[in-house]
Amino acid sequence: MIDLRSDTVTKPTPEMREAMARAEVGDDVLSEDPTVNALEARCAELMGMEAGLFVASGTMGNQAALFAHTKRGDEVIVEQYAHVGMYEGGAFAVLSGLVLNKLVGRPWGVLDPNEVRDAIAPDDVHRAPTTLVCLENTHNMSSGTVITAEQTRAVADVAHGRGLKLHIDGARIFNAATCLGVEARLLVKHADSVQFCFSKGLAAPVGSMVCGTREFILRARRARKLMGGGMRQAGVLAAACHVSLDTIVPRLHEDHAHARLIAEELATHDGVSIDLNAIQTNIIRFALDPTVMEGRRLAGLLRDRGILIDARGGQKFRLVTHNDVSADDAQTVAQAFAEVLTV
Ligand SMILES: Cc1ncc(COP(=O)(O)O)c(C=O)c1O
């Protein structure tokens with residue numbers, strides 16, 4: 001099957017499995033796993049930050065960062081559809097006792113610095129103190145659109161000017177960097193922390209990285225333990241992540257080209273709503289007019305042709321390209337849409 005439901009469905013490559021088998025390991029809770037330690041140092045360097053922390057998932061990375069930046073009762077400014085606020089089980093409230101102030105991202109998940117400035121709570125006993133702003137790059141709910149270094153800087157300037165920190169949920173930061181043709185470190189240069197995932201477009205089986213200052217990472221390390229995320233011989237996982245950086249990051253532009261190809265086919269069909277300008281990386285979002293076809297029927301017809309898509313959104317779909325979708329697969333998908341949507 002060609003599985004477009006998510007970039008989390010990728011299987012580890014043979015090279016990853018081999019690296020996992022060969023990995024030197026130790027007890028990572030004691031900071032004694034050489035493969036994890038090397039990955040943390042490598043990622044900190046890549047992000048231009050002081051230190052890194054290997055965690056089990058993107059959710060754990062974001063939540064450890066929130067925990068480390070704030071105290072109970074603080075308010076965090078986020079974009080309205082940000083993963084950290086919508087899809088992490090309310091962990092910001094459960095684990096860190098935070099409230100969110102959700103702003104409309106315009107365009108495509110980018111926070112307007114003036115709106116951020118206006119949203120910061122004044123020093124008033126009635127208000128929860130605002131201490132953190134979060135950005136998501138790429139922005140999942142907007143089709144994987146990218147936030148530029150300049151846009152990030154504008155938000156960071158406002159946040160820092162008022163003594164707030166800036167965290168970036170960079171689950172797909174390497175997709176953003178690839179799209180913009182810049183080093184990932186440039187996109188997080190003005191932030192205080194970043195979380196990015198190895199288990200999405202980077203095709204590793206497990207793991208995310210949080211980066212920031214040494215002092216922040218010490219607090220995030222405590223949070224990771226508190227959340228039950230202290231892993232022991234985690235080097236077997238980190239070994240695959242090293243391979244991601246070596247072999248998958250350099251090929252992400254292929255995923256973007258495949259997404260583009262499929263999106264351009266979709267855009268030729270009546271009843272398909274798609275914003276081609278928002279197809280910048282590996283995520284395609286589109287809506288299908290129910291008078292053309294019920295969403296579930298579309299998913300069924302594609303399944304008959306060996307293509308899996310997520311049909312939980314009714315008439316709204318998200319397709320994601322990744323390392324297990326080849327150029328031929330992308331052609332097959334485009335051809336399948338051409339057939340099933342041409343009535
Ligand atoms: C933007 C974004 N942030 C964070 C996460 C959470 O990652 P995980 O599923 O590894 O917890 C996801 C997952 O899809 C995501 O898309």
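Each ligand, and each atom within it, is numbered from 1 in the order the structure gives.
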| query | Backbone N or O of Ala154 within a donor-acceptor pair of the Asp157 side chain at under 3.5 Å? | reply | no
| query | Do any N or O atoms from the side chain of Asn137 and from the backbone of Ile173 form a donor-acceptor pair under 3.5 angstrom? | reply | no
| His83 backbone acceptor or donor facing Glu136 side chain under 3.5 Å | yes
| Does Arg214 offer a backbone N or O that forms a donor-acceptor pair with the side chain of Glu50 under 3.5 Å? | yes
Per-pair distances, ligand 1 N/O vs protein N/O, less than 3.5 Å:
| residue | atom | partner | partner atom | Å |
| --- | --- | --- | --- | --- |
| ligand 1 | 3 (N) | Asp169 | OD1 | 3.2 |
| ligand 1 | 3 (N) | Asp169 | OD2 | 2.6 |
| ligand 1 | 7 (O) | Lys200 | NZ | 2.8 |
| ligand 1 | 10 (O) | Gly58 | N | 2.8 |
| ligand 1 | 10 (O) | Lys200 | NZ | 3.2 |
| ligand 1 | 11 (O) | Gly58 | N | 3.4 |
| ligand 1 | 11 (O) | Thr59 | N | 2.8 |
| ligand 1 | 11 (O) | Thr59 | OG1 | 2.6 |
| ligand 1 | 16 (O) | Arg172 | NH1 | 3.0 |

| message | Taking Ala82's backbone N and O only, do any of them form a donor-acceptor pair with Glu79's side chain (distance below 3.5 Å, no angle check)? | response | yes
| Distance-only, no hydrogens or angles: does the Thr178 side chain make a donor-acceptor pair with backbone N or O of His253 under 3.5 Å? | no
